[in-house]
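What follows is a short report on a single structure.
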Amino acid sequence: QISELCGEGAVPQHIADQATDTGPTDGSSGAAANGGRASEDFENAVLHNSAQFYRWHSELEATRTSETEEKFRTHARALQGHLTACQELQAKVDETLEFFGTLKLQHHEVAAKTRQLHDGCQQLVAEKDALADFAGALRRKLAFFDELEAVGSRFHGSSAPSVDSEAFLTLLARLDDSLAFVAAHPQYADAAAYAGKFRALQQRALSAVRARVA
């Protein structure tokens with residue numbers, strides 16, 4: 001057992017010196033002279049001086065304890081370094097996640113504004129189509145009033161169609177339609193005046209027919 005203990009740790013210098021000074025000359029001094037093996041000197045010293053053994057044992061335990069504590073401290077420092085790096089990485093990850101959260105919120109805001117703009121554009125298109133339909137309907141209704149000038153110009157001058165021609169019958173049909181429309185919408189401005197003018201043209205056309213028949 002003493003040999004095993006000697007092989008596990010270094011022998012303190014003062015133990016080796018004291019073993020040489022106080023130990024038997026035929027043991028320790030012979031071992032030092034034959035090879036200087038510290039373990040043999042220590043073994044001889046321990047065998048003959050228990051106080052030195054206990055002192056050596058105390059110093060050995062203190063050394064081992066110090067070495068063990070240093071290993072743990074080194075390991076703790078390494079772990080602390082890893083922990084610091086992980087904390088820094090976690091902070092960067094949190095910052096990145098916060099940035100992505102801000103981007104996501106901005107994306108939702110842009111998407112909402114885009115939908116609002118799209119809905120607004122669709123509403124404008126619908127209103128435009130409604131106005132176009134209204135304008136078309138209004139033009140179709142106003143066309144009956146425009147017939148007064150168009151048909152009246154055909155009955156005057158040398159370009160007036162013959163009573164027995166197809167163009168004359170077409171003009172009479174246009175007069176009838178315009179007169180019926182004006183009579184059906186008396187709320188329109190000047191509807192009564194246009195109705196009188198259409199009747200006058202109609203009477204003129206009928207007079208031409210009667211004159212042709214007679």
Side-chain angles (χ1 to χ4, degrees), residues 75-214:
H75 186 61
R77 286 192 295 270
L79 290 178
Q80 184 63 39
H82 294 322
L83 179 61
T84 302
C86 290
Q87 289 175 344
E88 293 177 355
L89 181 61
Q90 181 66 38
K92 291 181 180 180
V93 170
D94 293 339
E95 183 180 357
T96 303
L97 289 176
E98 183 179 0
F99 176 72
F100 279 125
T102 303
L103 285 181
K104 186 177 181 180
L105 180 61
Q106 293 177 352
H107 172 72
H108 289 329
E109 292 177 353
V110 172
K113 291 181 180 179
T114 302
R115 285 194 297 270
Q116 293 178 356
L117 181 60
H118 182 264
D119 294 340
C121 290
Q122 286 185 333
Q123 184 177 359
L124 289 176
V125 171
E127 292 177 357
K128 173 182 174 293
D129 294 339
L131 288 175
D133 294 340
F134 175 76
L138 185 61
R139 281 194 298 269
R140 289 191 296 271
K141 293 178 179 179
L142 293 178
F144 290 103
F145 293 94
D146 295 337
E147 287 294 324
L148 177 64
E149 182 178 356
V151 175
S153 64
R154 295 294 302 275
F155 280 110
H156 295 85
S158 58
S159 61
S162 175
V163 174
D164 54 356
S165 65
E166 187 69 25
F168 187 82
L169 296 177
T170 302
L171 290 176
L172 286 179
R174 289 167 62 184
L175 276 175
D176 292 339
D177 293 339
S178 299
L179 186 58
F181 177 81
V182 174
H185 299 85
Q187 73 274 13
Y188 288 171
D190 299 330
Y194 275 90
K197 294 178 181 179
F198 280 128
R199 290 192 185 95
L201 285 176
Q202 189 179 47
Q203 290 298 326
R204 182 174 180 179
L206 294 175
S207 297
V209 171
R210 285 193 293 269
R212 177 64 178 178
V213 173

Atom pair CZ (Arg199) and CG (Leu206), whose distance is rounded to the nearest 0.5 Å: 13.0 Å

Nearest atoms (heavy-atom pairs only) where Ala183 meets Pro186: O-CD, 3.7 Å

Minimum-distance pair of heavy atoms, taken over all atoms of Asp133 and Arg140: O-NH2, 4.5 Å

Approximate separation, where rounding is to 0.5 Å, of Gln87 CD and Asp94 CG: 11.5 Å

Gap separating the CD atom of Gln122 from the CG atom of Leu117, nearest 0.5 angstrom: 10.5 Å

Gap separating the CZ atom of Phe134 from the CZ atom of Arg139, nearest 0.5 angstrom: 11.0 Å

Point-to-point distance, once rounded to the nearest 0.5 Å, from CD of Gln202 to CG of Leu172: 8.0 Å

Greater than 12 external heavy atoms within 6.0 Å of Glu98's CD: no

Mutual orientation of the aromatic rings belonging to His185 and Phe181 [parallel < 30°, tilted 30-60°, perpendicular > 60°]: tilted

CD/Glu127: more than 12 non-hydrogen atoms of other groups inside 6.0 Å: yes

Residue pair Leu83, Leu79: steps toward the side chain to side chain contact (heavy atoms under 4.5 Å, CB included) verdict: CA-CA 6 Å; Leu83 179 61; Leu79 290 178; over 6 Å; no

Approximate separation, where rounding is to 0.5 Å, of Leu138 CG and Leu131 CG: 11.5 Å

Stepwise side chain to side chain contact (heavy atoms under 4.5 Å, CB included) check, Leu124 with Lys128: CA-CA 6 Å; Leu124 289 176; Lys128 173 182 174 293; over 6 Å; no

Side-chain donor-acceptor contact under 3.5 Å, Gln123 with Asp119: no

